[in-house]
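Start at 1 and go down the list; that is how both ligands and their atoms are numbered. Each residue takes its place number in the sequence, starting with 1. Since the structure is predicted, the reported quantities are computational estimates derived from the model, not experimental observations.
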Amino acid sequence: MEIFEQVAAMQLACREVRRSGKTLGLVPTMGALHAGHLSLVRAARADCDVVAATIFVNPLQFGPKEDFSKYPRTFEDDCRKLRAEKVDMLFAPTTEQMYPRGASTVVHVEGLSEKLDGKSRPGHFRGVTTVVAKLFEIARPHRAYFGQKDAAQLAILRKMARDLNMDIEIIGCPIVREADGLAMSSRNVYLSPEERRQALCLHRALCKIESLVAGGERDAERLREAGLLVIAEEKAVRLDYLEIVDAETLDPVRDIKAGALVAVACFVGSTRLIDNVVLPPCA
Ligand code: PAF
């Protein structure tokens, strides 16, 4: 696996891949790789001739009181995992490489970026779309892989690619869960054993909603209330949002017959966790 720190070197290497007629798959990450990330790498490996991963803890997508400085950084371990998955190229730039002094251009998907996590994390999605647009421009991959766990991020990146006519296929990959249902996240390492147990209420709430849908409930507000009750049972957990929305527009839906995204975010201690489930169309 070749490691690039310089934008220009990564650009050149990716240009060579495209020139040789090979397909290039990109897996953008912030490192602290877990099985969820590796499932993205595997999807890229299965689809593309050449796989490039990126590791960059993007300061632009963290709020001033968020966990940028303590975000887990496990570069050597990450490299070992990526090599084991036969990743061809790794782009791991410094902040100065990505945001040279004086850089002042941002990419902002208006509207969508203010919904769900965007409501409670102002500026977060603008940071995500700015860095991903830059990574796309540097690598110009044929396909890029993102986890469905960040469902709002996925919807926003799809919209960005569409709006800016980016010739890149955005691939969403299923959520990978621990055996007990907790969605894999680099932030799970922050949880104490007791918080780790409490965190299961996110998945429990989603399962409750799914089971009510299987039983015939179609009213989004009743489903939402049932989910809220499950979260409320875990007294130490603070709800950020639980919403039932259209997976593309992120607008609330009234009934879920046409399919819907059920998205939840909670604070478990000081750790903010998210999870979701996609309800398929039903009669
Ligand atoms: O999902 C993430 O890890 C990040 O938001 C991303 C897409 C790598 C951009 O920094």
Donor-acceptor pairs under 3.5 angstrom involving side-chain atoms of residues 156-164: please list them, not counting sequence neighbours.
| unit_1 | atom_1 | unit_2 | atom_2 | d |
| --- | --- | --- | --- | --- |
| R158 | NH1 | I170 | O | 2.9 |
| K159 | NZ | D163 | OD1 | 3.2 |
| K159 | NZ | D163 | OD2 | 2.8 |

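In this structure a side-chain-to-backbone donor-acceptor pair under 3.5 Å is present from T29 to T54.
In terms of the side chain to side chain donor-acceptor pair (under 3.5 Å) criterion, residue partners of D88 (sequence neighbours excluded) are, by chain and number, R45. Considering only residues two or more places apart in sequence or on other chains, H142 meets the ring-ring contact (aromatic ring centres under 6.0 Å, His included) condition with none of them.
At a threshold of 4.0 Å, the pair D251-K115 counts as salt-bridged, since one of the basic side-chain nitrogens sits closer than that to a carboxylate oxygen.
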Using a cut-off of under 3.5 Å, which N/O atoms of ligand 1 pair up with protein N/O atoms, and what distance separates each pair?
| unit_1 | atom_1 | unit_2 | atom_2 | d |
| --- | --- | --- | --- | --- |
| ligand 1 | 1 (O) | Q153 | NE2 | 2.9 |
| ligand 1 | 5 (O) | Q61 | NE2 | 2.9 |
| ligand 1 | 5 (O) | Q153 | OE1 | 2.7 |
| ligand 1 | 10 (O) | Q61 | OE1 | 2.6 |

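Aromatic rings of F91 and F56 (six-membered ring for Trp) have centroids beyond the 6.0 Å cut-off, not under it.
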